[in-house]
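Let me begin by presenting the structure, written as C-alpha coordinates, before commenting on it.
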Amino acid sequence: MVKKEFSALELTKAFLDEIDKSNEKIFAFLTVTRDSALSQAKRIDDLISAGQDLPLLAGIPLAVKDNIMVEGARCTASSKILEEYIAPYDATVIKKLKEQGIVILGKTNLDEFAMGASTENSAFGPTRNPHDLSRVPGGSSGGSAAAVAGNLSVCALGSDTGGSIRQPASFCGAVGLKPTYGAVSRYGLIAMASSLDQIGPITKTAQDAALVFEAIEGKDEKDSTSVNSKIKNQKSKLEFKIQNLRIGVPKEYFMKGMDKEVEKTVKNAINKLEEAGAEVREVSLPYSTDYALAAYYIIMPSEVSANLARYDGIKYGYSSPAAKNLMEVYSKSRGEGFGKEVKRRIMFGTYALSSGYYEAYYLRAQKVRTKIIEDFNRVFKSVDVIATPTAPTTAFKLGDKTKDPLSMYLADIFVTAVNLAGLPAISLPCGKIQGLPVGLQIIGRHFEEDKVLKLGEIFEKL
Amino acid sequence: MLDLKDVQHIAELARLGFTNKEIKNFQIELSSILGYVGKLKKVDIAGTEPTYHPLKIENAMRQDEARQEKHKLLSGFLNA
(Lines give C-alpha, C1' and ligand atoms only; values in the text may rest on other atoms or scores of the structure.)
Protein backbone atom coordinates (compact mmCIF):
# COMPACT_ATOMS: atom_id res chain seq x y z
CA MET A 1 0.00 0.00 0.00
CA VAL A 2 2.82 2.39 0.87
CA LYS A 3 4.32 1.65 -2.57
CA LYS A 4 0.93 2.66 -3.97
CA GLU A 5 0.53 -0.64 -5.84
CA PHE A 6 -2.96 -0.79 -4.41
CA SER A 7 -4.90 1.45 -2.05
CA ALA A 8 -6.60 0.62 1.23
CA LEU A 9 -9.86 1.51 -0.47
CA GLU A 10 -9.23 -1.00 -3.28
CA LEU A 11 -8.33 -3.71 -0.77
CA THR A 12 -11.45 -3.06 1.29
CA LYS A 13 -13.64 -3.00 -1.82
CA ALA A 14 -12.17 -6.32 -3.00
CA PHE A 15 -13.10 -7.97 0.30
CA LEU A 16 -16.57 -6.37 0.35
CA ASP A 17 -17.16 -7.68 -3.19
CA GLU A 18 -16.05 -11.16 -2.12
CA ILE A 19 -18.48 -10.99 0.83
CA ASP A 20 -21.28 -9.93 -1.56
CA LYS A 21 -20.48 -12.94 -3.71
CA SER A 22 -19.90 -15.68 -1.10
CA ASN A 23 -21.70 -14.72 2.10
CA GLU A 24 -24.99 -16.11 0.88
CA LYS A 25 -23.61 -19.65 0.83
CA ILE A 26 -21.17 -19.48 3.78
CA PHE A 27 -23.20 -17.07 5.94
CA ALA A 28 -20.17 -15.92 7.93
CA PHE A 29 -21.42 -12.33 8.30
CA LEU A 30 -24.63 -11.19 9.99
CA THR A 31 -23.97 -7.51 9.31
CA VAL A 32 -21.66 -5.92 6.74
CA THR A 33 -20.53 -2.44 7.80
CA ARG A 34 -19.79 -1.30 4.26
CA ASP A 35 -19.98 2.48 4.71
CA SER A 36 -17.81 2.69 7.81
CA ALA A 37 -15.34 0.21 6.28
CA LEU A 38 -14.97 2.40 3.19
CA SER A 39 -14.49 5.56 5.23
CA GLN A 40 -11.93 3.84 7.51
CA ALA A 41 -10.02 2.73 4.39
CA LYS A 42 -10.19 6.18 2.87
CA ARG A 43 -8.67 7.68 6.01
CA ILE A 44 -5.68 5.34 5.60
CA ASP A 45 -5.27 6.35 1.94
CA ASP A 46 -5.34 10.02 3.02
CA LEU A 47 -2.53 9.31 5.50
CA ILE A 48 -0.52 7.63 2.74
CA SER A 49 -0.95 10.47 0.27
CA ALA A 50 -0.03 12.97 2.98
CA GLY A 51 3.16 10.95 3.50
CA GLN A 52 2.41 10.37 7.17
CA ASP A 53 3.50 7.43 9.33
CA LEU A 54 1.08 4.53 9.23
CA PRO A 55 -0.11 2.64 12.30
CA LEU A 56 0.80 -1.06 12.51
CA LEU A 57 -2.42 -2.56 11.10
CA ALA A 58 -3.28 0.22 8.64
CA GLY A 59 -5.88 -0.89 6.12
CA ILE A 60 -6.03 -4.53 7.29
CA PRO A 61 -9.58 -5.93 6.99
CA LEU A 62 -11.07 -7.38 10.19
CA ALA A 63 -14.25 -9.36 10.90
CA VAL A 64 -15.70 -9.09 14.41
CA LYS A 65 -17.75 -11.72 16.24
CA ASP A 66 -21.21 -10.32 16.86
CA ASN A 67 -20.89 -10.42 20.65
CA ILE A 68 -18.19 -7.71 20.60
CA MET A 69 -19.47 -4.14 20.42
CA VAL A 70 -18.62 -1.82 17.52
CA GLU A 71 -20.15 1.60 18.10
CA GLY A 72 -23.16 2.27 15.89
CA ALA A 73 -23.37 -1.28 14.50
CA ARG A 74 -25.97 -3.90 15.38
CA CYS A 75 -24.72 -6.30 18.06
CA THR A 76 -27.05 -9.29 18.32
CA ALA A 77 -25.00 -12.12 19.91
CA SER A 78 -27.02 -14.11 17.30
CA SER A 79 -30.06 -13.87 19.59
CA LYS A 80 -33.59 -12.81 18.81
CA ILE A 81 -33.59 -11.03 22.16
CA LEU A 82 -30.93 -8.55 20.89
CA GLU A 83 -32.01 -8.52 17.23
CA GLU A 84 -32.41 -4.72 17.10
CA TYR A 85 -29.69 -3.80 19.61
CA ILE A 86 -27.25 -1.11 18.40
CA ALA A 87 -23.92 -0.96 20.26
CA PRO A 88 -23.61 2.41 22.04
CA TYR A 89 -19.80 2.26 22.37
CA ASP A 90 -16.68 0.48 21.12
CA ALA A 91 -15.32 -2.49 23.05
CA THR A 92 -11.77 -1.78 24.28
CA VAL A 93 -10.34 -4.26 21.72
CA ILE A 94 -12.17 -2.40 18.92
CA LYS A 95 -10.96 0.99 20.18
CA LYS A 96 -7.37 -0.31 20.22
CA LEU A 97 -7.60 -1.88 16.75
CA LYS A 98 -9.14 1.29 15.30
CA GLU A 99 -6.17 3.23 16.69
CA GLN A 100 -3.95 0.80 14.74
CA GLY A 101 -5.80 1.64 11.52
CA ILE A 102 -7.79 -1.57 11.10
CA VAL A 103 -10.78 -1.65 8.70
CA ILE A 104 -13.86 -3.38 10.14
CA LEU A 105 -15.78 -5.25 7.42
CA GLY A 106 -18.67 -6.45 9.57
CA LYS A 107 -20.02 -8.62 12.35
CA THR A 108 -19.89 -12.42 12.20
CA ASN A 109 -22.29 -15.19 13.08
CA LEU A 110 -22.01 -17.24 16.29
CA ASP A 111 -23.94 -19.73 18.37
CA GLU A 112 -26.48 -17.69 20.35
CA PHE A 113 -24.63 -15.89 23.18
CA ALA A 114 -21.56 -17.96 22.21
CA MET A 115 -23.18 -21.18 23.42
CA GLY A 116 -22.41 -24.05 21.08
CA ALA A 117 -19.74 -25.87 19.10
CA SER A 118 -21.14 -25.62 15.56
CA THR A 119 -22.72 -22.14 15.00
CA GLU A 120 -26.01 -23.99 14.39
CA ASN A 121 -27.48 -22.35 17.51
CA SER A 122 -27.60 -18.93 15.82
CA ALA A 123 -31.12 -17.49 15.74
CA PHE A 124 -30.36 -16.26 12.21
CA GLY A 125 -29.26 -19.55 10.60
CA PRO A 126 -26.08 -21.66 10.53
CA THR A 127 -22.69 -20.74 9.07
CA ARG A 128 -21.15 -23.29 6.73
CA ASN A 129 -17.57 -24.56 6.58
CA PRO A 130 -15.77 -23.11 3.50
CA HIS A 131 -13.89 -26.43 3.06
CA ASP A 132 -17.17 -28.36 2.72
CA LEU A 133 -20.48 -26.51 2.71
CA SER A 134 -22.35 -29.54 4.09
CA ARG A 135 -20.30 -29.31 7.30
CA VAL A 136 -20.25 -26.98 10.30
CA PRO A 137 -17.44 -24.44 10.83
CA GLY A 138 -17.28 -25.29 14.56
CA GLY A 139 -18.29 -22.81 17.16
CA SER A 140 -19.11 -20.66 18.76
CA SER A 141 -16.87 -18.26 16.75
CA GLY A 142 -17.83 -20.13 13.55
CA GLY A 143 -18.58 -17.00 11.52
CA SER A 144 -15.18 -15.48 12.33
CA ALA A 145 -13.31 -18.71 11.49
CA ALA A 146 -15.29 -19.20 8.26
CA ALA A 147 -14.69 -15.56 7.24
CA VAL A 148 -10.91 -16.04 7.52
CA ALA A 149 -10.86 -19.53 5.95
CA GLY A 150 -13.21 -18.47 3.14
CA ASN A 151 -11.04 -15.41 2.30
CA LEU A 152 -13.80 -12.98 3.28
CA SER A 153 -11.44 -11.25 5.72
CA VAL A 154 -7.73 -11.19 6.56
CA CYS A 155 -8.24 -11.60 10.28
CA ALA A 156 -11.05 -11.82 12.79
CA LEU A 157 -11.86 -11.52 16.47
CA GLY A 158 -13.56 -14.32 18.37
CA SER A 159 -14.29 -15.06 22.00
CA ASP A 160 -13.37 -18.26 23.84
CA THR A 161 -15.23 -19.44 26.95
CA GLY A 162 -14.70 -23.19 26.50
CA GLY A 163 -12.91 -23.53 23.16
CA SER A 164 -14.95 -21.14 21.03
CA ILE A 165 -11.89 -19.68 19.24
CA ARG A 166 -9.72 -22.80 19.02
CA GLN A 167 -12.30 -25.41 17.98
CA PRO A 168 -13.69 -23.45 14.97
CA ALA A 169 -10.11 -22.48 13.99
CA SER A 170 -9.32 -26.20 13.99
CA PHE A 171 -12.41 -27.09 11.90
CA CYS A 172 -11.74 -24.29 9.38
CA GLY A 173 -7.96 -24.65 9.09
CA ALA A 174 -7.21 -21.26 10.67
CA VAL A 175 -4.98 -20.13 13.54
CA GLY A 176 -6.90 -19.29 16.72
CA LEU A 177 -5.41 -17.87 19.92
CA LYS A 178 -7.15 -17.88 23.29
CA PRO A 179 -5.07 -15.52 25.44
CA THR A 180 -4.41 -15.89 29.17
CA TYR A 181 -7.43 -14.92 31.27
CA GLY A 182 -6.92 -11.21 31.97
CA ALA A 183 -4.45 -10.55 29.12
CA VAL A 184 -7.11 -8.89 26.94
CA SER A 185 -9.85 -6.54 28.14
CA ARG A 186 -13.38 -7.95 28.05
CA TYR A 187 -14.97 -4.49 28.20
CA GLY A 188 -17.61 -4.41 25.47
CA LEU A 189 -17.85 -8.20 25.13
CA ILE A 190 -21.35 -9.51 25.81
CA ALA A 191 -20.77 -11.60 28.94
CA MET A 192 -21.37 -15.34 28.89
CA ALA A 193 -19.33 -16.86 31.76
CA SER A 194 -17.20 -14.13 33.28
CA SER A 195 -14.49 -16.24 34.93
CA LEU A 196 -13.82 -18.01 31.60
CA ASP A 197 -14.46 -15.56 28.70
CA GLN A 198 -11.52 -14.16 26.70
CA ILE A 199 -11.30 -12.31 23.37
CA GLY A 200 -8.65 -13.41 20.88
CA PRO A 201 -7.65 -13.41 17.18
CA ILE A 202 -8.48 -15.88 14.40
CA THR A 203 -6.05 -15.48 11.49
CA LYS A 204 -4.32 -17.32 8.65
CA THR A 205 -0.86 -17.41 10.29
CA ALA A 206 0.65 -17.35 13.77
CA GLN A 207 2.45 -14.13 12.90
CA ASP A 208 -0.84 -12.40 12.07
CA ALA A 209 -2.28 -13.70 15.35
CA ALA A 210 0.71 -12.19 17.18
CA LEU A 211 0.18 -8.80 15.49
CA VAL A 212 -3.50 -8.67 16.46
CA PHE A 213 -2.81 -9.99 19.96
CA GLU A 214 -0.12 -7.38 20.60
CA ALA A 215 -2.54 -4.65 19.49
CA ILE A 216 -5.35 -5.73 21.84
CA GLU A 217 -3.55 -6.99 24.95
CA GLY A 218 -2.92 -5.04 28.14
CA LYS A 219 -4.57 -3.78 31.27
CA ASP A 220 -7.77 -1.79 30.86
CA GLU A 221 -9.28 0.24 33.67
CA LYS A 222 -12.71 -0.68 32.37
CA ASP A 223 -12.16 -4.40 32.91
CA SER A 224 -11.16 -4.96 36.52
CA THR A 225 -9.99 -8.49 35.71
CA SER A 226 -7.45 -7.37 33.09
CA VAL A 227 -3.76 -7.26 33.95
CA ASN A 228 -0.54 -6.04 32.42
CA SER A 229 1.52 -8.77 30.80
CA LYS A 230 3.61 -7.01 28.18
CA ILE A 231 7.05 -7.18 29.79
CA LYS A 232 6.93 -10.91 30.36
CA ASN A 233 5.72 -11.58 26.83
CA GLN A 234 8.50 -9.60 25.16
CA LYS A 235 11.16 -11.29 27.26
CA SER A 236 10.08 -14.80 26.32
CA LYS A 237 9.97 -13.83 22.64
CA LEU A 238 13.59 -12.66 22.60
CA GLU A 239 14.94 -15.72 24.34
CA PHE A 240 12.99 -18.32 22.35
CA LYS A 241 14.90 -21.24 20.82
CA ILE A 242 13.16 -24.47 19.80
CA GLN A 243 16.22 -26.47 20.91
CA ASN A 244 15.57 -25.34 24.49
CA LEU A 245 11.86 -26.14 24.38
CA ARG A 246 10.35 -29.02 26.34
CA ILE A 247 6.96 -30.15 25.00
CA GLY A 248 4.66 -32.23 27.17
CA VAL A 249 2.21 -34.61 25.48
CA PRO A 250 -0.55 -35.67 27.89
CA LYS A 251 -1.52 -39.31 27.35
CA GLU A 252 -5.14 -38.63 28.41
CA TYR A 253 -5.66 -36.52 25.26
CA PHE A 254 -5.21 -39.50 22.98
CA MET A 255 -8.16 -41.43 24.22
CA LYS A 256 -10.25 -44.36 23.12
CA GLY A 257 -12.99 -43.43 20.71
CA MET A 258 -11.25 -40.46 19.12
CA ASP A 259 -10.83 -40.34 15.35
CA LYS A 260 -7.74 -42.46 14.51
CA GLU A 261 -6.76 -40.28 11.56
CA VAL A 262 -6.91 -37.15 13.75
CA GLU A 263 -4.69 -38.89 16.31
CA LYS A 264 -2.17 -39.81 13.59
CA THR A 265 -2.12 -36.32 12.09
CA VAL A 266 -1.54 -34.64 15.46
CA LYS A 267 1.18 -37.15 16.43
CA ASN A 268 2.94 -36.51 13.10
CA ALA A 269 2.87 -32.78 13.86
CA ILE A 270 4.44 -33.36 17.29
CA ASN A 271 7.11 -35.58 15.67
CA LYS A 272 7.98 -32.72 13.33
CA LEU A 273 8.56 -30.43 16.31
CA GLU A 274 10.78 -33.09 17.87
CA GLU A 275 12.81 -33.43 14.67
CA ALA A 276 13.25 -29.65 14.67
CA GLY A 277 15.02 -29.92 18.02
CA ALA A 278 12.35 -29.74 20.72
CA GLU A 279 12.40 -32.25 23.55
CA VAL A 280 9.11 -34.20 23.67
CA ARG A 281 8.04 -36.11 26.77
CA GLU A 282 4.85 -37.84 27.83
CA VAL A 283 3.02 -36.22 30.74
CA SER A 284 -0.20 -36.95 32.59
CA LEU A 285 -3.14 -34.60 33.21
CA PRO A 286 -5.71 -36.95 34.76
CA TYR A 287 -8.32 -34.28 35.46
CA SER A 288 -8.14 -32.16 32.34
CA THR A 289 -10.31 -33.98 29.75
CA ASP A 290 -13.40 -35.81 31.05
CA TYR A 291 -13.54 -34.27 34.51
CA ALA A 292 -12.72 -30.80 33.17
CA LEU A 293 -15.61 -31.00 30.71
CA ALA A 294 -17.98 -32.09 33.49
CA ALA A 295 -16.78 -29.28 35.81
CA TYR A 296 -17.06 -26.82 32.92
CA TYR A 297 -20.67 -27.85 32.29
CA ILE A 298 -21.52 -26.89 35.87
CA ILE A 299 -19.44 -23.72 36.29
CA MET A 300 -20.22 -22.21 32.87
CA PRO A 301 -24.06 -22.58 33.04
CA SER A 302 -24.01 -21.27 36.62
CA GLU A 303 -22.29 -18.08 35.47
CA VAL A 304 -24.54 -17.97 32.39
CA SER A 305 -27.69 -18.09 34.51
CA ALA A 306 -26.48 -15.05 36.47
CA ASN A 307 -25.12 -13.07 33.48
CA LEU A 308 -28.22 -13.54 31.33
CA ALA A 309 -30.60 -12.43 34.09
CA ARG A 310 -30.21 -8.92 32.65
CA TYR A 311 -32.32 -9.82 29.59
CA ASP A 312 -35.62 -9.24 31.31
CA GLY A 313 -37.78 -7.78 28.54
CA ILE A 314 -37.31 -4.29 29.99
CA LYS A 315 -33.68 -3.20 29.91
CA TYR A 316 -32.69 -4.69 26.55
CA GLY A 317 -34.23 -5.75 23.30
CA TYR A 318 -37.18 -8.06 22.81
CA SER A 319 -40.25 -7.69 25.04
CA SER A 320 -43.18 -10.05 24.58
CA PRO A 321 -46.35 -8.28 23.42
CA ALA A 322 -48.41 -11.07 25.02
CA ALA A 323 -47.34 -10.36 28.61
CA LYS A 324 -50.17 -9.40 30.98
CA ASN A 325 -48.20 -8.71 34.17
CA LEU A 326 -44.62 -8.15 35.32
CA MET A 327 -43.87 -11.83 35.90
CA GLU A 328 -45.06 -12.56 32.35
CA VAL A 329 -42.91 -9.73 30.95
CA TYR A 330 -39.94 -11.65 32.34
CA SER A 331 -40.99 -15.22 31.59
CA LYS A 332 -42.59 -14.67 28.16
CA SER A 333 -39.89 -12.27 26.87
CA ARG A 334 -37.17 -14.69 27.95
CA GLY A 335 -39.11 -17.80 26.90
CA GLU A 336 -39.75 -16.40 23.41
CA GLY A 337 -36.52 -14.41 23.00
CA PHE A 338 -33.93 -17.05 23.90
CA GLY A 339 -33.18 -20.14 21.81
CA LYS A 340 -33.17 -23.72 23.07
CA GLU A 341 -29.51 -24.10 24.03
CA VAL A 342 -29.46 -20.79 25.92
CA LYS A 343 -32.55 -21.82 27.88
CA ARG A 344 -31.03 -25.25 28.55
CA ARG A 345 -27.92 -23.66 30.07
CA ILE A 346 -29.85 -21.08 32.12
CA MET A 347 -32.02 -23.91 33.46
CA PHE A 348 -29.07 -26.11 34.30
CA GLY A 349 -27.14 -23.24 35.92
CA THR A 350 -30.16 -22.22 37.97
CA TYR A 351 -30.48 -25.82 39.11
CA ALA A 352 -26.77 -26.12 40.02
CA LEU A 353 -26.91 -22.92 42.08
CA SER A 354 -30.26 -23.59 43.72
CA SER A 355 -30.61 -24.27 47.41
CA GLY A 356 -29.87 -27.89 48.27
CA TYR A 357 -27.77 -28.55 45.14
CA TYR A 358 -25.13 -25.80 45.38
CA GLU A 359 -22.65 -27.91 47.34
CA ALA A 360 -23.18 -31.11 45.39
CA TYR A 361 -22.66 -29.40 42.02
CA TYR A 362 -21.27 -25.86 41.95
CA LEU A 363 -18.94 -26.08 44.96
CA ARG A 364 -17.71 -29.54 43.99
CA ALA A 365 -17.00 -28.36 40.43
CA GLN A 366 -14.99 -25.39 41.74
CA LYS A 367 -12.91 -27.77 43.83
CA VAL A 368 -12.29 -30.00 40.81
CA ARG A 369 -11.25 -26.79 39.06
CA THR A 370 -8.50 -26.40 41.68
CA LYS A 371 -7.40 -29.99 40.93
CA ILE A 372 -7.17 -29.16 37.23
CA ILE A 373 -5.03 -26.09 37.95
CA GLU A 374 -2.75 -28.14 40.24
CA ASP A 375 -2.41 -30.68 37.42
CA PHE A 376 -1.19 -28.01 35.00
CA ASN A 377 1.12 -26.42 37.60
CA ARG A 378 2.77 -29.76 38.25
CA VAL A 379 3.28 -30.52 34.55
CA PHE A 380 4.55 -27.01 33.77
CA LYS A 381 7.41 -27.61 36.23
CA SER A 382 8.94 -30.11 33.83
CA VAL A 383 7.78 -28.82 30.40
CA ASP A 384 7.39 -25.37 28.76
CA VAL A 385 4.33 -26.05 26.62
CA ILE A 386 1.76 -28.82 26.23
CA ALA A 387 0.72 -30.19 22.82
CA THR A 388 -2.65 -31.88 22.23
CA PRO A 389 -5.29 -32.26 19.50
CA THR A 390 -7.71 -29.30 19.48
CA ALA A 391 -10.74 -31.49 18.76
CA PRO A 392 -11.31 -35.27 18.68
CA THR A 393 -12.73 -35.13 15.12
CA THR A 394 -12.71 -33.01 11.97
CA ALA A 395 -15.73 -30.83 11.09
CA PHE A 396 -18.99 -32.79 11.34
CA LYS A 397 -22.09 -32.49 9.14
CA LEU A 398 -24.80 -29.93 9.82
CA GLY A 399 -27.56 -31.50 11.91
CA ASP A 400 -25.35 -34.38 13.13
CA LYS A 401 -25.28 -33.33 16.78
CA THR A 402 -28.20 -30.93 17.18
CA LYS A 403 -30.60 -33.55 18.51
CA ASP A 404 -28.36 -34.70 21.36
CA PRO A 405 -26.95 -31.77 23.37
CA LEU A 406 -24.47 -33.98 25.22
CA SER A 407 -22.82 -35.19 21.99
CA MET A 408 -22.32 -31.52 21.03
CA TYR A 409 -20.74 -30.81 24.42
CA LEU A 410 -18.23 -33.65 23.87
CA ALA A 411 -16.81 -31.78 20.84
CA ASP A 412 -15.12 -29.49 23.41
CA ILE A 413 -13.46 -32.23 25.47
CA PHE A 414 -9.87 -31.07 24.78
CA VAL A 415 -10.40 -27.33 25.11
CA THR A 416 -12.33 -26.47 28.29
CA ALA A 417 -9.59 -27.27 30.88
CA VAL A 418 -7.55 -24.38 29.45
CA ASN A 419 -10.37 -21.92 30.26
CA LEU A 420 -10.90 -23.31 33.76
CA ALA A 421 -7.18 -22.78 34.47
CA GLY A 422 -7.05 -19.41 32.64
CA LEU A 423 -4.12 -20.52 30.43
CA PRO A 424 -3.21 -19.28 26.92
CA ALA A 425 -3.57 -21.77 24.05
CA ILE A 426 -3.39 -21.70 20.27
CA SER A 427 -4.85 -23.98 17.61
CA LEU A 428 -2.62 -24.41 14.55
CA PRO A 429 -3.60 -26.14 11.30
CA CYS A 430 -1.49 -29.34 11.14
CA GLY A 431 -2.85 -31.30 8.21
CA LYS A 432 -6.00 -32.44 6.46
CA ILE A 433 -8.05 -35.62 6.36
CA GLN A 434 -10.11 -36.01 3.17
CA GLY A 435 -9.89 -32.27 2.62
CA LEU A 436 -10.92 -31.37 6.19
CA PRO A 437 -8.45 -29.49 8.44
CA VAL A 438 -7.06 -30.84 11.72
CA GLY A 439 -5.88 -28.60 14.57
CA LEU A 440 -2.86 -28.92 16.90
CA GLN A 441 -3.38 -27.24 20.27
CA ILE A 442 -0.37 -25.72 22.07
CA ILE A 443 -1.01 -24.70 25.68
CA GLY A 444 1.39 -22.34 27.47
CA ARG A 445 1.99 -21.07 31.00
CA HIS A 446 0.07 -17.98 32.14
CA PHE A 447 1.09 -14.89 30.13
CA GLU A 448 3.43 -16.82 27.84
CA GLU A 449 1.46 -16.15 24.66
CA ASP A 450 4.63 -15.21 22.83
CA LYS A 451 6.08 -18.66 23.38
CA VAL A 452 3.07 -20.44 21.83
CA LEU A 453 2.87 -17.86 19.04
CA LYS A 454 6.58 -18.16 18.26
CA LEU A 455 6.32 -21.95 18.28
CA GLY A 456 3.39 -21.55 15.86
CA GLU A 457 5.54 -19.48 13.49
CA ILE A 458 8.30 -22.11 13.57
CA PHE A 459 5.80 -24.96 13.06
CA GLU A 460 4.35 -23.29 9.97
CA LYS A 461 7.79 -23.37 8.32
CA LEU A 462 8.44 -27.07 9.05
CA MET B 1 -34.60 -38.69 36.27
CA LEU B 2 -35.49 -35.24 37.56
CA ASP B 3 -39.01 -34.75 38.84
CA LEU B 4 -41.25 -32.75 36.50
CA LYS B 5 -42.26 -30.53 39.41
CA ASP B 6 -38.59 -29.71 40.11
CA VAL B 7 -38.07 -28.72 36.48
CA GLN B 8 -41.11 -26.44 36.65
CA HIS B 9 -39.77 -24.89 39.85
CA ILE B 10 -36.36 -24.22 38.22
CA ALA B 11 -38.10 -22.63 35.20
CA GLU B 12 -39.93 -20.32 37.57
CA LEU B 13 -36.71 -19.39 39.40
CA ALA B 14 -35.04 -18.72 36.02
CA ARG B 15 -38.03 -16.64 34.85
CA LEU B 16 -38.37 -18.74 31.71
CA GLY B 17 -41.77 -19.43 30.19
CA PHE B 18 -42.23 -22.88 28.62
CA THR B 19 -44.96 -24.91 26.97
CA ASN B 20 -45.76 -28.31 28.53
CA LYS B 21 -44.02 -30.10 25.68
CA GLU B 22 -40.87 -27.99 26.11
CA ILE B 23 -40.73 -28.61 29.83
CA LYS B 24 -40.92 -32.38 29.29
CA ASN B 25 -38.03 -32.16 26.81
CA PHE B 26 -36.01 -30.22 29.36
CA GLN B 27 -36.76 -32.88 31.96
CA ILE B 28 -35.09 -35.49 29.73
CA GLU B 29 -32.18 -33.31 28.59
CA LEU B 30 -31.32 -31.91 32.03
CA SER B 31 -31.41 -35.42 33.48
CA SER B 32 -28.93 -36.64 30.85
CA ILE B 33 -26.56 -33.70 31.52
CA LEU B 34 -26.86 -34.37 35.27
CA GLY B 35 -25.90 -37.97 34.59
CA TYR B 36 -22.77 -36.82 32.75
CA VAL B 37 -21.56 -34.28 35.34
CA GLY B 38 -22.25 -36.87 38.05
CA LYS B 39 -18.81 -38.33 37.29
CA LEU B 40 -17.34 -35.53 39.41
CA LYS B 41 -18.44 -37.54 42.45
CA LYS B 42 -15.52 -39.86 41.72
CA VAL B 43 -12.93 -37.10 42.31
CA ASP B 44 -11.40 -36.98 45.79
CA ILE B 45 -11.80 -33.33 46.80
CA ALA B 46 -11.11 -33.70 50.52
CA GLY B 47 -9.01 -30.76 51.68
CA THR B 48 -9.15 -29.00 48.28
CA GLU B 49 -10.16 -25.32 48.25
CA PRO B 50 -12.55 -24.11 45.52
CA THR B 51 -11.28 -21.82 42.71
CA TYR B 52 -13.84 -19.18 41.77
CA HIS B 53 -11.58 -17.22 39.49
CA PRO B 54 -8.33 -17.94 37.61
CA LEU B 55 -6.65 -14.72 38.78
CA LYS B 56 -6.29 -13.52 42.32
CA ILE B 57 -7.17 -9.83 41.98
CA GLU B 58 -8.92 -7.77 44.62
CA ASN B 59 -11.01 -4.63 44.24
CA ALA B 60 -9.65 -2.94 41.11
CA MET B 61 -11.10 0.59 41.23
CA ARG B 62 -11.32 3.42 38.70
CA GLN B 63 -12.90 6.86 38.39
CA ASP B 64 -16.25 7.10 36.63
CA GLU B 65 -16.22 9.26 33.55
CA ALA B 66 -19.07 11.22 31.97
CA ARG B 67 -19.44 10.81 28.22
CA GLN B 68 -21.02 13.18 25.73
CA GLU B 69 -23.88 11.20 24.17
CA LYS B 70 -24.47 11.86 20.51
CA HIS B 71 -27.23 9.45 19.66
CA LYS B 72 -30.25 10.94 17.92
CA LEU B 73 -32.69 9.09 20.12
CA LEU B 74 -31.13 10.46 23.27
CA SER B 75 -30.95 14.07 22.11
CA GLY B 76 -34.61 13.71 21.10
CA PHE B 77 -35.46 12.90 24.70
CA LEU B 78 -33.35 15.73 26.08
CA ASN B 79 -34.89 18.37 23.82
CA ALA B 80 -38.48 17.20 24.26
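Reminder, nothing fancy here: chain letters follow the sequence lines and each chain counts from 1.
Between chain B and the residues A/Leu423, A/Ile372, A/Asp290, A/Ile298, the largest count of heavy-atom pairs under 4.5 Å involves A/Asp290. Note: B/Leu34 leads B/Thr19, B/Asp44, B/Leu30, B/Leu34 in heavy-atom pairs under 4.5 Å with chain A. The most heavy-atom pairs under 4.5 Å with chain B, out of A/Asp223, A/Leu406, A/Ile299, come from A/Leu406. Ranked by heavy-atom pairs shorter than 4.5 Å toward chain B, the options A/Gly335, A/Ser320, A/Ala294 are led by A/Ala294. Listed options A/Ala309, A/Ala352, A/Ala295 were ranked by heavy-atom pairs under 4.5 angstrom with chain B; first place goes to A/Ala295.
With no hydrogens or angles considered, no side-chain donor-acceptor pair links A/Arg369 and A/Tyr291 at under 3.5 Å.
For A/Ala365, the parts lying near chain B are the backbone and the side chain together; criterion is any non-hydrogen pair under 4.5 Å. With a 4.5 Å cut-off on non-hydrogen atoms, A/Tyr296 does not touch chain B at all. Within the 4.5 angstrom heavy-atom criterion, only side-chain atoms of A/Ile373, from C-beta onward, approach chain B. For a residue to count as touching a neighbouring chain, one of its non-hydrogen atoms must lie under 4.5 Å from one of that chain's; by this rule A/Leu410 touches chain B with the side chain only.
Taking the charged nitrogens against the carboxylate oxygens, A/Asp375 and A/Arg378 do have a contact shorter than 4.0 Å, which makes a salt bridge. Remark: A/Asp312 does not engage A/Arg334 in a salt bridge, criterion side-chain N to carboxylate O under 4.0 Å. Salt bridge A/Lys371/A/Glu374: absent, no basic N to carboxylate O contact under 4.0 Å.
In terms of the side-chain hydrogen bond (donor to acceptor under 3.5 Å, both in side chains) criterion, residue partners of A/Ser284 (sequence neighbours excluded) are, by chain and number, A/Glu252.
Contact annotation: the side chain of A/Ser159 never approaches that of A/Asp197 to less than 4.5 Å [non-hydrogen atoms, C-beta and beyond].
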Assess whether ring-ring contact (aromatic ring centres under 6.0 Å, His included) is satisfied between A/Tyr362 and A/Tyr351, documenting all intermediate values. CA-CA 10 Å; A/Tyr362 185 71; A/Tyr351 178 80; over 10 Å; no
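Heavy-atom neighbours of A/Lys219 NZ from other residues, nucleotides or ligands within 6.0 Å: above the threshold of 12.
Residues of residues 21-29 of chain B that come closer than 4.5 Å to chain A, counting heavy atoms only, are B/Glu22, B/Phe26, B/Glu29, ordered by residue number.
Aromatic ring pairs are classed by plane angle as parallel below 30°, tilted from 30° to 60° and perpendicular above 60°; the pair A/Phe338 and A/Phe113 is perpendicular.
Closest of all the heavy-atom pairs between A/Thr370 and B/Pro50 is OG1-C, 3.5 Å.
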